[in-house]
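Everything numeric here is computed off the predicted structure, so don't read it as measured data. Note on naming: letters A, B, ... go to the chains in the order of the sequence lines (proteins, then strands), and numbering restarts at 1 for each one. Side chains included, hydrogens not; waters and symmetry mates left out as well; all remaining heavy atoms used.
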There are 2 protein chains.
Amino acid sequence: MIDPRRDRALYRQLADLLRQQISEGELAPGAPLPSETTLAQTHGLARPAVRQAIALLRAEGLVTTSRGYGTRVREQVERKPLELPTGSSAVARMPSDAERIEHDLDDGVPVVEVQFADGSTAVYPGDRVRLTRP
Amino acid sequence: MIDPRRDRALYRQLADLLRQQISEGELAPGAPLPSETTLAQTHGLARPAVRQAIALLRAEGLVTTSRGYGTRVREQVERKPLELPTGSSAVARMPSDAERIEHDLDDGVPVVEVQFADGSTAVYPGDRVRLTRP
DNA sequence: CCGGATTTGTACGTATGTATT
DNA sequence: GAATACATACGTACAAATCCG
């Protein structure tokens with residue numbers, strides 16, 4: 001229940017609610033969230049507050065939003081094992097705007113940048129790879 | 001220059017401008033961005049549009065915002081080498097709300113979750129570690 | 001294919017609260 | 001205490017994408 005007297009922003013309270021429903025499976029992967037208008041009405045909020053809540057979940061990689069379509073719980077894609085070669089290293093970071101477009105990455109999805117022993121680098125979508133060391 | 005006739009949202013155009021100034025060093029690490037009010041006036045936008053632009057940059061990990069203080073270009077912290085042990089693997093993802101608070105992570109900073117050979121896992125701040133394989 | 005309904009995106013204005021300097 | 005700066009929240013309006021009959 002969203003309570004204005006609590007010392008937590010209303011949109012954060014709504015995000016907490018939705019996050020809980022997702023983690024408990026009440027909103028399963030692929031399932032649509034109620035529309036922004038519906039969420040606003042059922043929780044007594046204005047639409048901007050609802051949008052802020054959903055923006056939080058998007059940044060966490062929990063949901064995906066498509067214009068004119070709606071917001072859905074993100075489905076986990078399979079991660080390909082990627083062996084980290086001897087003498088190489090890897091860092092995780094958020095993609096640049098260009099990288100997000102190039103790799104068709106959703107909001108809230110980091111990239112993995114591998115630097116090989118020869119100094120060259122490669123960038124991989126963070127939700128599709130798992131670095132391994134056999 | 002921000003141009004309403006262009007087919008790109010005004011707040012995205014402003015984000016592009018600021019992103020460029022950051023990448024070119026005109027806004028160096030640690031440097032403060034103009035205040036939201038100033039940016040709004042100088043570019044002829046309303047403050048909500050300016051806030052959207054800055055929110056984009058925050059999500060990309062380019063800037064940090066502190067209430068009552070302002071927004072500054074993020075300074076890169078040193079990354080500690082972390083050897084990926086034999087038989088382990090690692091994934092990159094965005095932190096949960098709790099993890100962000102626990103590790104005191106800025107917006108736009110992913111985490112690295114290592115799964116060890118015995119099945120146990122550990123989570124590291126994505127901006128402070130570099131996975132290595134000697 | 002078209003049109004209408006639904007849904008999210010963009011943008012403005014306003015007001016008030018709270019943290020930092 | 002005052003000034004500055006960001007955070008939260010409401011309301012409104014129109015644009016644009018998608019879906020469905």
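- Taking atom CG of residue Leu56(A) and atom C1' of nucleotide dA7(D), one finds them 13 Å apart after rounding to whole Å.
- Taking atom CD on Gln52(A) and atom P on dC6(D), their separation rounds to 16 Å, with Å as the unit.
- In this structure, the CZ atom of Arg8(A) is 15 Å from the P atom of dA7(D), given to the nearest Å.
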Could you walk me through whether Val63(B) and Arg74(B) pass side-chain contact (heavy atoms from CB on, under 4.5 Å), step by step?
CA-CA 5 Å; Val63(B) 302; Arg74(B) 254 170 72 83; 5.8 Å; no
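- In the set dA7(D), dT18(D), dT8(D), the nucleotide with an atom closest to the side chain of Tyr69(A) is dT18(D).
- No single ILVMFWY cluster, assembled from side-chain heavy atoms under 4.5 Å apart, contains both Met94(B) and Val109(A).
- You'll find that the side chain of Arg47(B) is closest to dC6(D), out of dA13(D), dA15(D), dC6(D).
- A side-chain donor-acceptor contact under 3.5 Å links Arg58(A) and Thr65(A).
- Between Arg12(A) atom CZ and dA9(D) atom P the separation is 9 Å, expressed in whole Å.
- Using modelled atom types and a 3.5 Å distance limit, the side chains of Thr132(B) and Ser89(A) yield no donor-acceptor pair.
- Arg51(A) has its CZ atom 16 Å from the P atom of dG11(D), to the nearest Å.
- When the side-chain nitrogen and oxygen atoms of Tyr11(A) are compared with OP1 and OP2 of dT8(D), one or more of them lie within a distance under 4.0 Å.
- In the 5' to 3' direction, nucleotides of DNA chain C lying under 4.0 Å from heavy atoms of chain A begin and end at dT7(C) to dT10(C).
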*asked:* Could you walk me through whether Phe116(B) and Thr121(B) satisfy the side-chain contact (heavy atoms from CB on, under 4.5 Å) test, starting with their C-alpha distance in whole Å, then the side-chain angles of each, then the deciding distance to 0.1 Å, before giving a yes or no?
replied: CA-CA 6 Å; Phe116(B) 298 102; Thr121(B) 62; 5.8 Å; no
Notebook entry, point to check: Asp97(A) and Arg8(B): salt bridge (Lys or Arg N to Asp or Glu O under 4.0 Å), yes or no, with the steps?
Noted result: CA-CA 14 Å; Asp97(A) 200 52; Arg8(B) 184 163 177 80; 3.4 Å; yes
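- Heavy-atom nearest nucleotides on DNA chain C were determined for Arg67(A) and for Ala49(B), and the one closer to the 5' end corresponds to Arg67(A).
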